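Bear in mind that the values here come from a model prediction, so they are computed numbers and not experimental data.
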Amino acid sequence: MSADIPVNEDRLWQSLVDMGKVGALPNGGCCRTALSAEDKAGRDLFVSWCREAGCEVSFDLVGNIYARRRGRDPTRAAVATGSHLDTQPHGGKFDGIYGVLAGLEVVRALNDARVETEAPIDVVVWTNEEGVRFSPPLAGSSAFAGVTDVETIHAAVTLDGTTVRQDLQATGYLGQEHPGARKFACFVEAHIEQGPILEAERRTIGVVTRIQGLRWLKVTVTGMDGHAGTTPMDRRRDALLGAAEMVLAINRLAREQDEWARLTNGRFQVEPNSGATIPGRVVFICDLRHPDAATLQALDDRMQQAMRGIAKSNGLAVDIERVMDKPPVQFDADLIGSIRETARRLGYSSQDMLSGAGHDAMNVARVAPTCMIFIPCKDGLSHNEAESAAPEHLAAGAHTLLQTLVARAR
Ligand SMILES: [Zn+2]
């Protein structure tokens, strides 16, 4: 066990406040979509802080930032932490930013305590976690894990009509290093919970054991356009009616599954979308989530079967395409154990939990032992300007992070 090394709660809070001024919105939130001018300003500020703290800063080909606090043994793989600095259009000051600045606070606290580690410690900023200004989301960590290739990310077109490669060049964050060339001994991401559980249970630390799997089905229902006034009800092939019946049926299946299943139909496209025409075609998205891979597959199968049956009995055609498939992620058992034990030793209440949201850590988990630390956020609110977290909880998470990383870097 390493002797306790304190973190500086006020300094961590002040860094979050200062970063929150970059791309600030009127109601307390931030807008720093990936590789925008605001994101560049946020990155620049972080880099200047890291250099002041004595870190060696480098970027890779997709703009991931690595701030390295050197270890005594430069041949050792880095013990890594970090998250993202980009935000939703109406984002808060904590989602992602906390994980990055908790990592910086670890570096600063180790400097204050004059502690040297054997392995280097890397604080990482992953590019475009949110996926607002361009796709895919989780872009930087996807490239790092080899899930998405660099060329695909470079060629992606932003909402401003530029390519990501152009933006990386323009912002000065196009590095030479191939993402994934660098190996991590482990990766621990601190994050606000973005949900209500820790607050309700009055726990300070969430030990994230797994992230649920996520699938997107794109469902295209085809019927026939027709005149709203002249087509008798029994002669219609109304794609919207069929789609509506499908949505009700699959939601029933998801509710019957168990308490973990999540199904959302948040995007609907009706064609021709005219008040006096029977809809001939409807496209909608099923966002389906479950922590267990086999259950996710079984539910997917049952939903598809139900939708095909409904199409058939309504004289409609249906095409179902799986456009996204992120399998559930189980985090590293040793790291889970050491975070639990560290929280206990530091006197913070904790509980194991599942992450409902996707995080960069789910990609990194493919290539390095990985885990996450959650802390409570006010009313479970996130992706909202009012997103908030208590300074003492933020410090507790950083403290747990520090001890976990130092134990691995010795
Ligand atoms: Zn996040």
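Checked by atom type and distance alone, the side chain of Lys93 pairs as donor or acceptor with a backbone atom of Gly28 at under 3.5 Å. A side-chain donor-acceptor contact under 3.5 Å links His154 to the backbone of Leu61. Remark: the backbone N or O of Val219 is not paired with any side-chain donor or acceptor of Glu321 at under 3.5 angstrom. Between the side chain of Asn265 and the backbone N or O of Val247 there is no donor-acceptor pair closer than 3.5 Å. Under the 3.5 Å distance criterion, the side-chain polar atoms of Arg165 are left unmatched by any main-chain donor or acceptor of Thr162. Side-chain atoms of Glu199 do not come within 3.5 Å of backbone N or O of Pro196 as any donor-acceptor pair. With hydrogens and angles disregarded, a donor-acceptor distance shorter than 3.5 Å links the side chain of Glu193 to the backbone of Ile197. The backbone N or O of Gly63 lies less than 3.5 Å from a partner atom in the side chain of Arg43, making a donor-acceptor pair. Put simply, the side chain of Thr163 gets close to the backbone of Gln166: a donor and an acceptor are under 3.5 Å apart. Side chain of Asp300 to backbone of Leu296: no donor-acceptor contact under 3.5 angstrom is found.
Note that OG of Ser15 and CG of Leu394 are 11.0 Å apart. Values are rounded to the nearest 0.5 Å. Rounding to the nearest 0.5 Å places CD1 of Ile375 at 7.0 Å from CD1 of Ile192. Interatomic distance, CD of Glu271 versus OG1 of Thr220, reported as 9.0 Å (0.5 Å rounding). Cys286 SG to Leu263 CG: the interatomic distance, rounded to the nearest 0.5 Å, is 6.0 Å. Between Arg408 atom CZ and Phe184 atom CZ the span is 14.5 Å, to the nearest 0.5 Å. Taking CE of Met303 as the reference point, atom CE of Met246 lies at 11.5 Å (rounded to 0.5 Å).
Residue Arg322 qualifies as enclosed at atom CZ: its count of foreign heavy atoms under 6.0 Å is above 12. Applying the 6.0 Å contact sphere to NZ of Lys218 captures no more than 12 heavy atoms from other residues, nucleotides or ligands. For Lys378, the NZ atom counts as loosely surrounded, since its 6.0 Å shell holds 12 or fewer non-hydrogen atoms of other residues, nucleotides or ligands.
Cation-pi check for Arg267 over Phe284 is not met; the charged atom does not lie both under 6.0 angstrom from the ring centroid and within 45 degrees of its normal. Cation-pi check for Arg108 over Trp49 is met; the charged atom lies under 6.0 angstrom from the ring centroid and within 45 degrees of its normal.
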Practice problem: Before giving the answer on side chain to side chain contact (heavy atoms under 4.5 Å, CB included), spell out for Ile339 and Thr400 the whole-Å C-alpha distance, their side-chain angles and the decisive distance to 0.1 Å. | Solution: CA-CA 7 Å; Ile339 293 169; Thr400 307; 4.1 Å; yes
Practice problem: Take Leu16 and Ile97 through the side chain to side chain contact (heavy atoms under 4.5 Å, CB included) test and state the conclusion after the steps. | Solution: CA-CA 7 Å; Leu16 284 157; Ile97 298 95; 3.8 Å; yes
Exercise. Might you work through the side chain to side chain contact (heavy atoms under 4.5 Å, CB included) test for Arg410 and Thr117, ending with a clear yes or no?
Key: CA-CA 5 Å; Arg410 55 173 62 250; Thr117 55; over 6 Å; no
Quiz item: Hey, mind stepping through Ile320 and Arg308 against side chain to side chain contact (heavy atoms under 4.5 Å, CB included) and telling me if it holds?
Solution: CA-CA 9 Å; Ile320 305 172; Arg308 288 183 209 288; 3.9 Å; yes
Practice problem: Walk me through it: do His359 and Phe374 pass the test ring pair (Phe, Tyr, Trp, His ring centres under 6.0 Å)? | Solution: CA-CA 12 Å; His359 292 287; Phe374 276 178; 5.7 Å; yes
Exercise. Given side-chain hydrogen bond (donor to acceptor under 3.5 Å, both in side chains), test Asp60 with His178 step by step and report yes or no.
Key: CA-CA 6 Å; Asp60 68 19; His178 199 279; over 6 Å; no
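The two atoms that bring Asp292 and Pro328 nearest to each other are C-CG, 4.0 Å, heavy atoms only. Taking all atoms of both residues into account, the shortest heavy-atom contact from Met19 to Arg32 is O-NH1, 3.1 Å. Residues Ala361 and Met372 come closest through the heavy atom pair CB-CG, 3.6 Å. Taking each heavy atom of Thr171 and Leu35 in turn, the nearest pair found is CG2-O, 3.8 Å. Here the closest non-hydrogen pair linking Gln194 and Ala357 is OE1-CB, 4.1 Å. Scanning all heavy atoms of the two residues, the minimum distance from Ile336 to Phe331 falls at CD1-O, 3.6 Å.
Residues Gln403 and Asp4 bring a donor and an acceptor atom of their side chains to less than 3.5 Å of each other. Under the 3.5 Å distance criterion, with hydrogens and angles disregarded, a donor-acceptor pair is assigned to the side chains of Arg215 and Gln297. A side-chain N or O of Tyr173 and one of Asp44 form a donor-acceptor pair less than 3.5 Å apart. Asp301 and Gln305 are not linked by any side-chain donor-acceptor pair at a separation below 3.5 angstrom, with hydrogens and angles left out of the test. Side-chain contact, Gln257 with Arg302: a donor N or O sits under 3.5 Å from an acceptor N or O. Side-chain contact check for His290 and Asp258: at least one donor-acceptor pair (N or O, by modelled atom type) lies under 3.5 Å.
Considering only heavy atoms from C-beta on, Val57 comes within 4.5 Å of Arg51 through its side chain. With contacts defined as side-chain heavy-atom distances shorter than 4.5 Å, the pair Leu12/Leu101 qualifies.
With sequence neighbours left out, the side chain to side chain donor-acceptor pair (under 3.5 Å) criterion links Arg70 to Glu56. Phe187 pairs by the ring pair (Phe, Tyr, Trp, His ring centres under 6.0 Å) definition with Trp126, not counting sequence neighbours.
Between Arg182 and Asp122 a salt bridge is recorded (basic side-chain N to carboxylate O distance below 4.0 Å). By the 4.0 Å N-to-carboxylate-O rule, Glu118 lies close enough to Arg72 to be salt-bridged with it. Using a cut-off of 4.0 Å between Lys/Arg side-chain N and Asp/Glu carboxylate O, Arg11 and Glu105 are scored as salt-bridged. Residues Asp73 and Arg76 are not paired through a salt bridge, judged by the lack of any N-O separation under 4.0 Å between the basic side chain and the carboxylate.
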Considering only distance and modelled atom types, tabulate donor-acceptor pairs under 3.5 Å from the side chains of residues 132-150, sequence neighbours left out.
unit_1, atom_1, unit_2, atom_2, d
Arg133, NE, Asp160, OD2, 2.9
Arg133, NH1, Ala34, O, 2.9
Arg133, NH1, Asp167, OD2, 2.8
Arg133, NH2, Asp160, OD2, 3.1
Arg133, NH2, Asp167, OD2, 2.7
Ser141, OG, Leu138, O, 3.3
Ser141, OG, Asp360, OD1, 2.7
Ser141, OG, Asn363, ND2, 3.0
Ser142, OG, Leu138, O, 2.7
Ser142, OG, Asn363, ND2, 3.1
Asp149, OD1, Thr152, N, 2.9
Asp149, OD1, Thr152, OG1, 2.5

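Of the options Asp325, Thr264, Asp287, a side chain to side chain donor-acceptor pair (under 3.5 Å) to Trp216 is made by Asp287 and by none of the others.
Residues His383 and His90 place their aromatic rings such that the two centres sit no closer than 6.0 Å.
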